[in-house]
Amino acid sequence: MAPEDTGISPRRRLPSVDEALKAPEASAALAKHGRTALVDALRASIAEFRAKGEGASAADAANAASALLDKADRPRLRAVYNLTGTVLHTNLGRALLAEAAIDAAANAMRSAVALEYDLATGKRGERDDIVRELLCKLTGAEDATVVNNNAAAVLLSLNAIGAGKETIVSRGELIEIGGAFRMPDIMARAGTTLVEIGTTNRTHAKDYAGAIGERTALLMKVHTSNYRIQGFVKEVSPREVAEIAHARGLPMLNDLGSGTLIDLDGYGLAHEPTVAEAVAEGADLVTFSGDKLLGGPQTGFIVGKKALIEKINRNPMKRALRVDKMRLAALEATLRLYLNPEKLAERLPTMRLIARPVAEIEAVAARIAGPIGNVLGPRFAVTPIVCESQVGSGAMPLSVLKSAGLAIKGRPLDALAAALRELPVPVIGRLDDGALVLDCRCLEDEPAFLSNFAKLALP
Ligand SMILES: *Cc1c(COP(=O)(O)O)cnc(C)c1O
């Protein structure tokens with residue numbers, strides 16, 4: 001044997017792409033991902049072995065390339081377990097839809113649908129017709145329209161009614177919703193001039209009346225859905241603001257934010273103004289979200305006076321902000337559930353999860369504590385705890401829901417949280433006071449959860 005040959009270390013031995021492609025280990029990946037993608041992945045894998053100074057067989061390269069392709073093939077928008085304790089978690093997609101809504105959306109995806117087609121006359125219809133009647137019935141409003149989300153509903157309303165003129169709002173209601181939704185910025189984009197009145201903590205009826213001038217287009221109330229100002233405060237009720245507006249022949253817009261369709265007092269929650277109440281109090285327009293407390297797909301609603309809704313619908317922005325057939329289908333099915341309020345908590349996941357009895361959640365935590373502890377082993381202590389959930393999405397910021405879950409302590413906790421996010425169905429908890437807390441309020445399918453959890457690769 002020549003001296004140079006013995007000098008070739010095993011790290012230099014790497015297969016060619018062709019050799020690896022012929023390895024039996026490559027055949028499944030070839031069938032699943034195709035030759036082009038597999039060749040690219042083999043090149044990348046072999047280059048990685050080379051860079052690390054490691055040797056590899058054709059089988060090693062094929063296995064590495066298959067793993068690479070499988071990982072790249074995982075959807076970015078993956079299902080996760082939301083054990084954060086926040087039921088309507090904006091970053092986790094807010095409301096889970098009802099089965100009826102899921103079926104309706106799937107059906108609309110597969111089929112042609114009468115989206116803008118009147119089946120009675122065979123003539124062109126309007127997509128708002130699909131939900132207008134339901135929305136009017138559920139809110140008591142004369143007319144209704146649907147757009148992309150509540151931010152769009154506010155933007156469109158302000159532009160259609162207030163562009164080139166002034167909109168009067170209390171300083172105590174100039175909200176920021178997160179992201180870039182700040183009321184003064186939305187007003188600027190809508191082309192209406194914001195006229196701020198009152199102070200942060202106190203606004204009086206005379207502040208509204210005194211600010212009305214020739215250029216005033218509307219008076220606006222904004223539900224401070226994600227915060228409360230407490231202490232020495234004075235706010236003018238929506239009814240009074242509407243009266244002040246009407247006395248001067250002006251409309252009043254009430255942005256409710258969450259906008260529940262039913263009285264939540266019955267679900268053990270603080271009273272949140274319902275849309276029907278806002279309409280009955282005299283608001284000419286009410287805006288609210290579809291995927292907050294309502295429990296439907298991402299949508300925004302404007303309900304109110306017919307003449308104003310017609311004006312809004314004539315605004316070119318309406319076309320830019322409209323919703324597609326899938327969401328309209330899911331929305332219609334969701335709204336229909338409200339026609340039978342007695343069954344709502346059973347059929348609408350948002351209500352079911354918000355109203356879930358704490359004893360039931362405690363029982364979930366108690367049942368899964370053992371199996372979870374076994375997977376985590378002796379380095380981590382798993383303790384059933386009582387904790388507090390929240391509704392989320394800025395709804396009812398001061399209401400906490402008594403809940404239960406598991407507190408996991410041990411080291412390294414950050415690495416454990418990261419490993420939970422690497423599971424086939426990632427598990428998202430929250431770090432709280434030196435523990436990783438898994439709030440069990442939104443955990444319903446325990447067997448699936450446990451078999452997923454068993455695949456944990458511990459740090
Ligand atoms: C949430 C909220 C919005 C924005 O609604 P999206 O549906 O998230 O666009 C606007 N105004 C208020 C008061 C809100 O609470």
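From a predicted model like this one, the values you see are computed outputs, not experimental measurements. In what follows, residues are counted from 1 in the order of the sequence shown.
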Item to check | Within 6.0 angstrom of Asp433 CG, more than 12 heavy atoms from elsewhere | outcome: no

Item to check | Nearest-0.5 Å distance that lies between atom CG in Leu253 and atom CD1 in Ile302 | outcome: 8.5 Å

Checklist entry - Taking the side chain from Asn82 and the backbone from Thr86, do they hold a donor-acceptor pair closer than 3.5 Å? => result yes

Checklist entry - CD/Glu446 to OG/Ser451 distance, rounded to the nearest 0.5 angstrom? => result 12.0 Å

Item to check | side-chain hydrogen bond (donor to acceptor under 3.5 Å, both in side chains) assessment of Asn254 paired with Lys221 | outcome: CA-CA 5 Å; Asn254 190 353; Lys221 279 289 286 181; over 6 Å; no

Next on the checklist: Is it true that, when you exclude Arg74 itself, more than 12 heavy atoms of the residues, nucleotides or ligands shown sit nearer than 6.0 Å to its CZ?
Outcome noted: yes

Item to check | Interatomic distance, Ser289 atom OG to Leu294 atom CG [nearest 0.5 angstrom] | outcome: 9.0 Å

Checklist entry - So do Met317 and Val147 actually touch side chain to side chain, heavy atoms under 4.5 Å? => result no

Checklist entry - How long is the span from the CZ atom in Phe288 to the OG1 atom in Thr139, to the nearest 0.5 Å? => result 6.0 Å

Item to check | Arg171, CZ atom: more than 12 neighbouring heavy atoms under 6.0 Å | outcome: yes

Checklist entry - So Thr224 and Ile229, side-chain contact (heavy atoms from CB on, under 4.5 Å) or not? Walk me through it. => result CA-CA 9 Å; Thr224 56; Ile229 299 176; 6.0 Å; no

Checklist entry - Does Lys292 come within less than 4.0 Å of Glu272, counting only side-chain N to carboxylate O? => result no

Checklist entry - Going by heavy atoms in the side chains, are Leu436 and Phe380 under 4.5 Å from each other? => result no

Checklist entry - Distance only, no hydrogens: is a donor on one side chain within 3.5 Å (strictly under) of an acceptor on the other, for Ser57 and Asp60? => result yes

Item to check | Note, Leu134 side chain near Leu339 side chain (heavy atom, < 4.5 Å) | outcome: yes

Checklist entry - Which atoms form the tightest heavy-atom contact between Leu450 and Pro371, and what is the distance? => result CD2-CB, 3.9 Å

Checklist entry - Tell me, do Arg430 and Cys387 make a side-chain contact under 4.5 Å, heavy atoms counted? => result yes

Next on the checklist: Heavy-atom count check: over 12 atoms from other residues, nucleotides or ligands less than 6.0 Å from Arg411 CZ?
Outcome noted: no

Checklist entry - Are side-chain heavy atoms of Leu256 and Phe301 found at a separation under 4.5 Å? => result no

Next on the checklist: I'd like to know if the side chain of Asn150 reaches the main chain of Ala153, judged simply by a donor and an acceptor atom lying under 3.5 Å from each other, with no hydrogens or angles considered.
Outcome noted: no

Item to check | Main-chain N/O of Ile354 paired with Arg441 side-chain donor or acceptor, under 3.5 Å | outcome: yes

Next on the checklist: Within the structure provided, determine whether Pro412 and Arg379 are in side-chain contact (heavy-atom separation under 4.5 Å).
Outcome noted: yes

Item to check | Lys32 vs Asp70, side-chain contact (heavy atoms from CB on, under 4.5 Å): CA-CA, chis, key distance, verdict | outcome: CA-CA 9 Å; Lys32 187 167 168 201; Asp70 284 341; 3.1 Å; yes

Checklist entry - Would you say Glu48 has more than 12 foreign heavy atoms packed within less than 6.0 Å of its CD? => result no

Checklist outcome for this item: Between the CZ atom in Arg50 and the OG atom in Ser45, the distance rounded to the nearest 0.5 Å is 11.5 Å

Checklist outcome for this item: Interatomic distance, NZ@Lys455 vs CG@Asn452, rounded to 0.5 Å, equals 6.0 Å

Checklist outcome for this item: Only residue of Ile161, Asn159, Thr167 satisfying side chain to side chain contact (heavy atoms under 4.5 Å, CB included) with Thr192 is Thr167

Checklist entry - Would Leu420 and Leu456 count as a side-chain contact (heavy atoms from CB on, under 4.5 Å) if you check the C-alpha gap in whole Å, the side-chain angles of each, and the deciding distance to 0.1 Å? => result CA-CA 7 Å; Leu420 292 183; Leu456 186 74; 3.5 Å; yes

Next on the checklist: Please check: side-chain N/O of Glu19 versus main-chain N/O of Ser16, any donor-acceptor pairing under 3.5 Å?
Outcome noted: yes

Item to check | Atom CZ of Arg367 with >12 non-hydrogen neighbours under 6.0 angstrom | outcome: yes

Next on the checklist: Is the shortest side-chain heavy-atom distance between Asp143 and Leu308 below 4.5 Å?
Outcome noted: no

Next on the checklist: Applying side-chain contact (heavy atoms from CB on, under 4.5 Å) to Thr350 and Val391, what does each step give before you reach the verdict?
Outcome noted: CA-CA 9 Å; Thr350 299; Val391 174; over 6 Å; no

Item to check | Neighbour count >12 (heavy atoms, 6.0 Å) for atom CZ, Arg189 | outcome: no

Checklist entry - Do Arg327 and Val146 have side-chain heavy atoms sitting under 4.5 Å apart? => result no

Next on the checklist: Any salt bridge linking Glu332 with Arg336? Criterion: basic side-chain nitrogen under 4.0 Å from a carboxylate oxygen.
Outcome noted: yes

